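Single-structure report; data block below.
Owing to the predicted nature of the structure, the values given are computational and were not obtained by experimental measurement.
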Amino acid sequence: MRGQSDSGQIVIEYVLLLVIAVSIAALITRTMIAQRPGESGFVITFWQEIINQIGSDKSDDVVEPQ
């Protein structure tokens with residue numbers, strides 16, 4: 001009978017590890033790419049800064065020497 005109780009414990013441990021992994025993945029996703037009003041994830045914030053730098057087009061501000 002020991003074999004059945006061991007397999008039951010393995011299933012429970014697997015389910016608990018799966019729940020922990022999904023929870024950590026959700027937390028990381030929320031931290032990285034969340035788009036709540038007034039609060040963005042750091043990936044979205046960094047990406048927006050890159051877009052703003054490209055959009056400002058600094059090369060037009062350079063004056064060529066004559």
Side-chain angles (χ1 to χ4, degrees):
M1 294 306 290
R2 183 174 173 127
Q4 284 184 330
S5 65
D6 286 347
S7 66
Q9 181 179 355
I10 290 172
V11 170
I12 290 173
E13 289 175 1
Y14 177 76
V15 170
L16 288 174
L17 286 173
L18 187 62
V19 167
I20 291 169
V22 168
S23 300
I24 290 172
L27 179 66
I28 290 171
T29 302
R30 188 178 317 127
T31 306
M32 288 178 60
I33 59 173
Q35 287 186 310
R36 286 172 254 136
E39 182 181 329
S40 295
F42 68 87
V43 172
I44 300 296
T45 304
F46 183 69
W47 192 255
Q48 188 63 41
E49 290 175 13
I50 291 173
I51 291 172
N52 289 339
Q53 286 291 326
I54 293 170
S56 66
D57 200 14
K58 302 277 187 200
S59 63
D60 289 343
D61 297 338
V62 177
V63 177
E64 294 182 18
Q66 296 182 7

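- Linking ILVMFWY residues whenever their side-chain heavy atoms come closer than 4.5 Å, directly or via other members, leaves Val15 and Leu18 in distinct clusters.
- Ile33 and Phe42 end up in the same hydrophobic cluster when Ile, Leu, Val, Met, Phe, Trp and Tyr side chains are linked at under 4.5 Å.
- Note on Phe46: it clusters hydrophobically with Ile51, by side-chain heavy-atom contacts below 4.5 Å among ILVMFWY residues.
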What pairs of donor and acceptor atoms, side-chain ones from residues 21-29 against any protein atom, are under 3.5 angstrom apart with sequence neighbours left out?
| unit_1 | atom_1 | unit_2 | atom_2 | d |
| --- | --- | --- | --- | --- |
| Ser23 | OG | Val19 | O | 2.9 |
| Thr29 | OG1 | Ala25 | O | 2.8 |

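- Here side-chain hydrogen bond (donor to acceptor under 3.5 Å, both in side chains) pairs that include residues 10-19, with residues two or more places apart or in two chains, are Gln9-Glu13.
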